[in-house]
Amino acid sequence: MRLNDLPKHYDPKLTEDKWYQFWLDKGFFRAEPKTTKKTFSVVIPPPNVTDVLHLGHALNNTLQDILIRWKRMQGYEAEWLPGTDHAGIATQVILEKSLAKQGTSKEKLGRDKFVQLAWEWKQKNGDAILNQLKRIGCSCDWDRTRFTLDEGLSEAVLDVFVHLYNKGLIYRGKRIINWCPRCQTSISDDETEREEKDGSLWYIRYKLKGSDEYISVATTRPETMLGDTAVAVNPDDKRFKKLLGKSAILPILDREIKIVADDFVDPEFGTGMVKVTPAHDPNDFEIGQRHNLEQINVMNPDGSMNENAGKFAGMDRYACRQALVAELKKKKLLEKTEPYKVPVALCYRCDTEIEPYLSEQWFVKMKPLAGPATEAVKTGKVRFYPERWAKTYMHWMENIRDWCISRQLWWGHRIPVWYCQDCDQVVVSKTAPTECTKCKGNNLKQDEDVLDTWFSSWLWPFSTFGWPKKTPELDRFYPTKALFTASEIIFLWVARMVMAGYEFMGEEPFSDVYIHGTVRDEYGVKMSKSLGNGIDPLEIIDEYGADALRTTMMLVTPEGQDTLIAKRTFKVGQHFANKLWNVSKFVMANLSGEFAPQAESRLEEGETKLEDRWILSRLNRTVSEVSDLMTNYRFNSAVKALYDFIWHDFCDWYVEMIKPRLSLPEGDKDRQAAEKVAHLVLNHILRLLHPFAPFVTEEIWNHLYFGRAGGEFPSVSSQKWPECQKELVDEDLEETLNRVQDVVTSIRNIRSEMNVPPAKKADVLIRVDNKALQKILEENKNHILNLGQVEDLTIDMKISKPDHAASAVIREAEIFIPLEGLIDLEQERMRLEKEISRVTQLLEKTNRKLSNEDFLRRAPKEIIEKEKARRQDYRTMVEKLNKNLEGIVGW
Ligand SMILES: [Zn+2]
Ligand SMILES: [Zn+2]
């Protein structure tokens, strides 16, 4: 395509698929362990196979892609390993719902058929999200894509289970766990959503044995009283001393229960006496352990009452609650009911209320694993960005509890444990045992449960590279460098990976943990399907392009903070790509010679002008700044620095300054130098911006060098990351040019405020405070005349203010523009007066609002802040308008 045929605006649709396929064909994303280069690796946080791309993924993966592309350009053999997570409970819930729609169920299907169905579903839909990530431009090493249930990873899981079991770190026990009655599985604390619900506190009377007296206990879950095996009081509570050693009679079931003393009881709660239900409450479970109490489970796994609930057996837990309370009332055993905020936990997959439930499960002892993982963060071997998250991590590690790893699901790694049906021996083995290790019988039955999804993902940084086998990949790519994730899974995933890394590899799995924020809408509300405030990244890519998606997210996301974004925000990135496109077209159209891609920012002495040396100084400063920022994972500041350099320094100033030189005849020395510098800066810009906006930079690079370099197309992806040439950074020179820019900006501001027609040239007088500034401005007169649309420029230390002139004060100088003949003074006076009256009214309106106490009390803080900012803006505007009016009226 010739330059003249290039589209007016950058069109992502014409470039994205083409370049992505090109990179794949060239194998640019592939990393080989057999390399002489230094290696650098990152593993993707495996998205669930149930996921569809949302903006959170877009943010997470853009960050990783920027880092990995940058490292490739820095000369590393850079590996970004992709993959997905089987997401046990999430996938199973989806399939169960779909079966229910077809009028069947997993039970009717049977385990084998159900698992087969899950695999088929995974093959069909599972990797959809990985394909979506390609559209963002993610440069993953796709040949190494892994899945948490694939053969290699499954072997790693079994290996780890057997290893930990033999080490005494995995045990089976009856504990209170979080039980979801709908999913009918245990789930971890982190898989529940905690909230408060309006509920009641019921005060129930229990009769004292051998007496006509009653005691009273308070509960928020009366149905669990059917499983009570004691009443407890605080040992220091004098009110109840006389009751110790006595018994109470449980109403309705008429069971005799002991009254015990336990420190856990809070004398301030309810009546100071609490019912103890060891099988249905984690604290009661502990009290039960201390006092050797019986554990009576009164519920079935589906949340209905079981045979231990007497006549309530078969009822749903909520129906039972109602019936039980009614009966207590009838028997005058309900003392009173108070409204109460009840803390509840909901299943994060199906929103069903969690039941604390006594059940036999498998656990990992975490304390021994936590030691080295705690040490790693303390000593800085593993660092958090931003640093504050290390505290969250430490808090978890110091309060670590055993990990319940068994799930009553079918989709997952089945627990490698067999029970001998003849002698109760437990056989733990990576492969199915043929005989019982104790009685040698062959009547063995495998545990029905599967392992928690996180039991495979905590091995991800090494299992994906082939562990437990010793592989070249493991040797070169482990430990990885950086992990990018959200704060919600610091414990669930990050901490566990660090523990597994030390336990199985003897080394931390990564050294840097970058915690990014949540993507929210422009009002700060978390995006969610149910609220309908989500933005579909694919829609953004279709409308604005992948580069716009990437650069916008980087531009609006302050490091470590949440992203606040609206659909229209993505125009920022789209305009940025267009700006780059247009300036590139302009530069290319003005290059008369051949230029090679291997441009270094070196030019011969005496060949350049001030603006050339200035842009090279700014360029090299930017290179150094951006590299430093990226080393510290400050991508937001890095892209901002690039944006400012490209948009302002290069497009607004440099290119404008050299335009007159570019219209000199070809071969002119001044023109050649301008061409050389413009090419060189554009070349660097494309390389610097490539990790952030890979598609548009590749497209421009192609137009810049196609047919010029000869032979193989030199993709920008495989270019070297620019290095700062310190000797070209010149602070004094930048300062000199700043002075010229100050003058031009002021002239432009006056022109725009006074409504001077753009084509009309103005006379400008500059009163300078000193000779030095006068010299600088005199030397750069051409730029001021050219960029400021100036007809006649007078620079002097002795200038008095002309009549009817607008003025501006800058550092060490004052600028005057006589307005007579330039604008219609009378008309402008009227316009300004009208404008002053309009803005004054707006100012009064915000003033009224901000003195309204009702508004100040009710409005959210952000709205008040916005209003205050608005007031400041109006004040400034009125001031400025008045000053302009003064200039016209003339004093
Ligand atoms: Zn559930
Ligand atoms: Zn046996």
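As the structure lists them, so they are numbered: ligands from 1, and atoms in each ligand from 1. Predicted model, so just to flag it, every value in this text is computed and none were measured.
Here the angle centred on the Zn ion (ligand 1), running from SG of Cys180 over to SG of Cys183, is 110°, rounded to 10°. Rounded to 10°, the angle that SG of Cys439 and SG of Cys423 form at the Zn ion (ligand 2) is 110°. One finds an angle of 100° at the Zn ion (ligand 1) between SG on Cys350 and SG on Cys347, to the nearest 10 degrees. When rounded to 10 degrees, the angle formed at the Zn ion (ligand 2) by SG (Cys420) and SG (Cys436) equals 110°.
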Just do the side chain to side chain contact (heavy atoms under 4.5 Å, CB included) check on Trp411 and Trp119 with the steps written out, would you? CA-CA 9 Å; Trp411 177 238; Trp119 272 105; 3.7 Å; yes

Yes or no on side chain to side chain contact (heavy atoms under 4.5 Å, CB included) for Ser186 and Gln408, after CA distance, side-chain angles and deciding distance? CA-CA 7 Å; Ser186 63; Gln408 290 61 54; 3.4 Å; yes

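Between Asp127 and Lys122 a salt bridge is recorded (basic side-chain N to carboxylate O distance below 4.0 Å).
The aromatic rings of Trp403 and Phe455 sit tilted, their planes meeting at an angle between 30° and 60°.
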